[in-house]
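Here the structure is a predicted model, which is why all the values come from computation and not from measurement.
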Amino acid sequence: MEDKKLLRLLHKDPNAGMKQLLKQYAGLVYAVVKGRLKGSYCVSSDIEDCVADVFSKFYTDLSGYDPALSSIKSYLGAMARNHAANVAKRRNLEASISLDDEESFLQIADETVADESAEEELRGKVIEAVEGLGEPDSSIIFRKYYYGESSKEIAEALGMTVSNVDTRTHRALNQLRKKFGGKES
């Protein structure tokens, strides 16, 4: 439905107008909101609430909408983007820890240092174990999992077949699993 007809319908019959507005633009608003809130501390109910707020705000501020300045589609898209940005900012602030709470901050800092130390120690053990596999297995594992090379690229670089690289990868991973207490596959 064209913007002019939709605006007339919203003024004449608000229920039918909102149904048509939702039918036409709910997907757009949802996509904008979801894209904006992705990666923040928001859950699906936050997305749904945000979408509902955008349509509610559009209707309550209908007199403030000027069709000469933008289409309904553009206006709703901008509203969705801005409202979602505000929600994300608010959620991220709620989730962050106040630096004023020194005791909590120090406790988290201690845990982080301990976690990083344990992670660094484990990383060293893994590297040592991979190097202990010997050549060409250690090179294959490093190339595949550290540098992200494909089996084909590794095979070309080491003068092997792809099948041979895949077999050696499987065997090397089983050795590493066994060394670290996991089950072979």
Side-chain angles (χ1 to χ4, degrees), residues 24-54 71 73-74 76-99 104-185:
Q24 280 184 234
Y25 299 114
L28 167 77
V29 171
Y30 184 85
V32 170
V33 167
K34 186 176 180 186
R36 206 50 131 136
L37 294 182
K38 189 174 138 183
S40 65
Y41 294 97
C42 295
V43 293
S44 60
S45 63
D46 291 327
I47 294 171
E48 293 164 6
D49 291 346
C50 189
V51 169
D53 289 348
V54 168
S71 67
K73 181 179 181 179
S74 299
L76 282 171
M79 282 181 70
R81 185 186 68 236
N82 294 336
H83 188 63
N86 290 338
V87 168
K89 200 179 299 180
R90 190 170 50 246
R91 286 290 185 234
N92 289 339
L93 281 174
E94 289 170 2
S96 67
I97 295 179
S98 171
L99 294 180
S104 293
F105 180 70
L106 291 175
Q107 181 181 356
I108 288 173
D110 288 344
E111 290 171 4
T112 302
V113 168
D115 290 346
E116 287 174 0
S117 174
E119 189 175 315
E120 188 64 37
E121 183 180 336
L122 179 60
R123 187 177 298 122
K125 287 180 181 179
V126 170
I127 289 172
E128 186 179 305
V130 171
E131 288 172 345
L133 293 171
E135 289 300 329
D137 294 347
S138 61
S139 291
I140 291 171
I141 297 299
F142 280 124
R143 285 174 174 268
K144 190 166 198 76
Y145 296 103
Y146 186 74
Y147 297 112
E149 293 181 9
S150 68
S151 294
K152 183 179 179 184
E153 292 170 323
I154 296 168
E156 289 172 2
L158 299 179
M160 303 169 80
T161 65
V162 173
S163 175
N164 196 350
V165 168
D166 289 340
T167 301
R168 285 185 163 280
T169 301
H170 181 76
R171 287 180 184 161
L173 289 176
N174 276 335
Q175 285 179 331
L176 292 171
R177 278 189 200 100
K178 196 171 166 182
K179 182 168 183 109
F180 288 101
K183 292 183 181 178
E184 292 184 35
S185 63

When rounded to the nearest 0.5 angstrom, what distance separates [atom1] in [X] from [atom2] in [Y]?
X	Y	atom1	atom2	value
Arg36	Asn82	CZ	CG	7.5 Å
Ile154	Asn164	CD1	CG	11.5 Å
Gln175	His170	CD	NE2	11.0 Å

Those residues that, when tested against Lys125, pass salt bridge (Lys or Arg N to Asp or Glu O under 4.0 Å) (two or more places apart): Glu121
Non-hydrogen atoms of [X] and [Y] that approach each other most closely:
X	Y	answer
Tyr30	Val51	CA-CG2, 3.8 Å
Cys50	Val87	SG-CG2, 4.1 Å
Val162	Lys152	CG2-CA, 3.8 Å

Do Ile141 and Leu173 touch side chain to side chain, with heavy atoms closer than 4.5 Å?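 Ile141 reaches Leu173 side chain to side chain.
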Do Leu176 and Leu133 touch side chain to side chain, with heavy atoms closer than 4.5 Å? yes
Sort and list the pairs that fulfil salt bridge (charged side-chain N to carboxylate O under 4.0 Å, His left out) and have at least one residue in residues 161-173, not counting sequence neighbours. Asp137-Arg168
Which residues share a side-chain contact (heavy atoms from CB on, under 4.5 Å) with [X], sequence neighbours left out:
X	value
Glu135	Ser138, Ser139
Ala78	Arg81
Gln24	Met1, Leu6, Gln20

Not counting sequence neighbours, which residues clear side chain to side chain donor-acceptor pair (under 3.5 Å) with Ser163? List them please. none
